[in-house]
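Notes follow once the structure below has been shown.
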There are 2 protein chains.
Amino acid sequence: MSIESNTVTLEEVARLAGVSTSTVSRYLSGTHQVSSEKKAAIDSSIKRLNYRPNLVARGLAKGRTMTVGVLTQEIASSFFNEAMRGVEDALASHNYEAIFVSGHWNKVEEEQRLLSLIGRRVDGVILLVADLDDEIMDRHAQGVPMVLLGGQSASMRVHSLGFDHYSGARMAVQHFVELGHRRIAFISGPQGRHDADERLRGYREALEAAGIPYDERLVANGGYVETGGVTAMNTLLDRGLPFSAVFAANDDSAYGAMLAMYRRGMRVPDDISLIGYDDLPHSSFSLPPLTSVRQPLRDLGREAASAVVALIEGRKPPRATVAMLELIVRESTKALPVGSN
Amino acid sequence: MSIESNTVTLEEVARLAGVSTSTVSRYLSGTHQVSSEKKAAIDSSIKRLNYRPNLVARGLAKGRTMTVGVLTQEIASSFFNEAMRGVEDALASHNYEAIFVSGHWNKVEEEQRLLSLIGRRVDGVILLVADLDDEIMDRHAQGVPMVLLGGQSASMRVHSLGFDHYSGARMAVQHFVELGHRRIAFISGPQGRHDADERLRGYREALEAAGIPYDERLVANGGYVETGGVTAMNTLLDRGLPFSAVFAANDDSAYGAMLAMYRRGMRVPDDISLIGYDDLPHSSFSLPPLTSVRQPLRDLGREAASAVVALIEGRKPPRATVAMLELIVRESTKALPVGSN
DNA sequence: CTGTTAGCGCGTTCAC
DNA sequence: GTGAACGCGCTAACAG
């Protein structure tokens, strides 16, 4: 029978075990040897009292909390899920723990949360696609090891782990080209956001590399969201220019595009081929299952975690092992019959 | 220019301002009046040193951390998103903050995370659909105010805020009945899980209420996941019994069902009508947009938060205001032509 | 109103 | 190996 109350302290454990608090502390942290008789006494004492170390006190005493804060946008988005898993995994293997807070795509809130994390004295911070200004990141990175995952900070203090959006976009377009498509439209993401701009650039340069002139009338903004995808697809279709393929800057806008086509009675890939980006879990189950560019989110999360830990421990973060982008080919793309177009 | 270092303490602020630490502390917490000259001195001192209170030390001193821990399953799932937002909102209005950790649907991990939260001395805990045994919840609820959102604990100590899965299921089936359907299949969730069982019960009793005999051959397990939905739908179809409508225990399995039909060239709702449960954000964009049962997740999250705060402050949690379930009718359901079936 | 003195629970010297 | 004493940064009595 364990005794109740959550306010059992190390001191009580020590008293019951007939030893000093230092001994208990040492035994718990495993830093020193402790005679086996005392070990036993302490063990049973801990069990009887149902003792749980007070992490707050420990944190204050050691000046380290063994936890890293993760600032995400929407704490629940399938996009972030994989990355967070990677972060948790890697952290756990280093005996650190992650706590999550969310910024809700709002700069002000984001900074608040970041400050709160720092106030909690987390040992490090991982910014999962932050929207923060470089200057702000830089300022706060003075106080705590910080890595930015999925972005590129100008600050020397923050360790950036970017995604290669440019190459991913090129892969997608190139796949269309290989299938014989030449009239390829693009549903872009939010202008001004680095990742969105890079994907657009990839689209343009892949076209160029294939000797296909860039035509801005074949580009419409989808803002990375489903409704935007619907609108963009309608815009594209209404402009009346022919195209046989569409590359959407992310899967969500691709879903929207599919819905727009569905409403018009058009079929993917028979009428138009479609490729998305991010390879969300759902993309295996859309109608039809969507061809998409997959980023090794989990691995990237792991790397981010390893990087903070390295930073925390005063080492320099390992060189990023270039994670491989992958085009997951499903059923939304189809070769263009020779001679058509 | 603010000075660097994150190790600025209250004491340094006090010294620079020429006052005692208590005065600074009091000014910061606003518990006592402080002369306006000192206020100014402290303010400028804080600014110059770029002081941030050490929340760890504060937590130790006060015995309260002003934070509640939220244990979720998949930290990033659209299902939990709304609920978490509600939790954050309500908590913020009470000056508490939320930190999230995830149990990954794994009992062992779940308990670990819970212990970690308690070790961090959070003032309260919200279990967002926990898988924990009643006994374990009960044990830990001794030490900290605990509310279970989306479940029903046998423990008197934990404040349960259940969802009304039963009624939701009845709503769905009843809608089918009103549309003239009588051969209604069901894709069930994981057997043994309370919510899944309740949805099944709702399905059965709604049938009964409509004078339709329950036929277990019209039920197949989808396990709440897409792949399960595919399998279940195939099973149902392969059994050869006629049915004109399918109620899936959640949206994910409904998506799977749609894919299975798509593969067979069947159309929703022309060949078969379909209703899901949870009304995930994506359901507005599936092909066709899915009719689904929506739970007021955000409101429930708010209630959970208000309940923990009440518990923490020694009040008794307000009586749950019965949140309304809603059937969101989209395009996956269709009336059966009179005389058919 | 404000300074002084004690802790909060734990890790960590420093002696033995 | 082990205990005593001190300190982490802050709040909370206790006296003015």
Side-chain angles (χ1 to χ4, degrees), chain A residues 5-43 45-46 49-67 95 116 118-123 143-144, chain B residues 5-43 45-46 49-67 95 116 118-123 143-144:
Chain A
S5 161
N6 61 335
T7 318
V8 184
T9 70
L10 213 182
E11 187 180 350
E12 305 180 53
V13 173
R15 201 178 323 139
L16 179 62
V19 301
S20 74
T21 58
S22 334
T23 304
V24 180
S25 172
R26 288 194 272 249
Y27 173 45
L28 255 31
S29 59
T31 53
H32 300 240
Q33 280 298 330
V34 172
S35 71
S36 44
E37 321 153 29
K38 309 218 166 182
K39 276 187 194 170
I42 295 174
D43 272 332
S45 175
I46 287 180
L49 297 173
N50 190 220
Y51 169 71
R52 303 277 167 210
N54 181 331
L55 267 26
V56 177
R58 181 178 288 178
L60 181 59
K62 297 189 47 159
R64 292 182 58 183
T65 52
M66 298 311 283
T67 107
N95 277 103
S116 150
I118 294 177
R120 286 171 193 286
R121 294 299 187 269
V122 294
D123 298 329
V144 62
Chain B
S5 162
N6 61 335
T7 319
V8 184
T9 71
L10 213 183
E11 187 179 350
E12 305 180 52
V13 174
R15 202 181 320 142
L16 180 62
V19 301
S20 75
T21 58
S22 340
T23 303
V24 180
S25 172
R26 288 193 273 249
Y27 173 47
L28 255 31
S29 61
T31 53
H32 299 241
Q33 281 299 329
V34 173
S35 72
S36 44
E37 324 154 26
K38 308 218 168 183
K39 276 186 194 171
I42 295 174
D43 271 332
S45 176
I46 286 181
L49 298 173
N50 190 222
Y51 169 71
R52 304 275 166 213
N54 180 332
L55 267 28
V56 177
R58 180 179 290 175
L60 181 59
K62 298 189 46 158
R64 291 182 58 184
T65 53
M66 297 310 284
T67 106
N95 279 105
S116 150
I118 295 176
R120 287 171 194 287
R121 293 299 186 268
V122 293
D123 298 329
V144 63

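Just so it is clear: chains get the letters A, B, ... in the order the sequence lines come, proteins before strands, and each one is counted from 1. Owing to the predicted nature of the structure, the values given are computational and were not obtained by experimental measurement.
Between A:Thr23 and A:Ser20, some side-chain heavy-atom pair lies under the 4.5 Å cut-off. Counting only heavy atoms from C-beta outward, the side chains of A:Arg120 and B:Thr67 approach each other to under 4.5 Å. Taking the side chain as every heavy atom from C-beta outward, A:Glu12 and A:Leu49 approach each other to under 4.5 Å. In this structure, the side chains of A:Asp43 and A:Tyr27 come closer than 4.5 Å at one or more pairs of heavy atoms. With contacts defined as side-chain heavy-atom distances shorter than 4.5 Å, the pair A:Ile42/A:Leu16 does not qualify. Using a 4.5 Å heavy-atom cutoff, the side chains of B:Leu10 and B:Pro53 are not in contact.
Taken from CZ in A:Arg52 to CD1 in B:Ile118, the straight-line distance is 8.0 Å, to the nearest 0.5 Å.
At least one donor-acceptor pair closer than 3.5 Å links the side chain of A:Ser29 to the backbone N or O of A:Ser25.
Within a heavy-atom distance below 4.0 Å of DNA chain D, the residues of residues 19-29 of chain A found are A:Val19, A:Ser20, A:Ser22, A:Thr23, A:Arg26.
First and last contacts of DNA chain D with chain A, using any nucleotide atom under 4.0 Å from a protein heavy atom and ordered 5' to 3', fall at D:dG1 to D:dG9.
Checking B:Ser35 against B:Leu60, the closest nucleotide of DNA chain C that is more toward the 5' end is the one next to B:Ser35.
Here the C1' atom of nucleotide C:dC8 and the CG atom of A:Leu55 are 15 Å apart, to the nearest Å.
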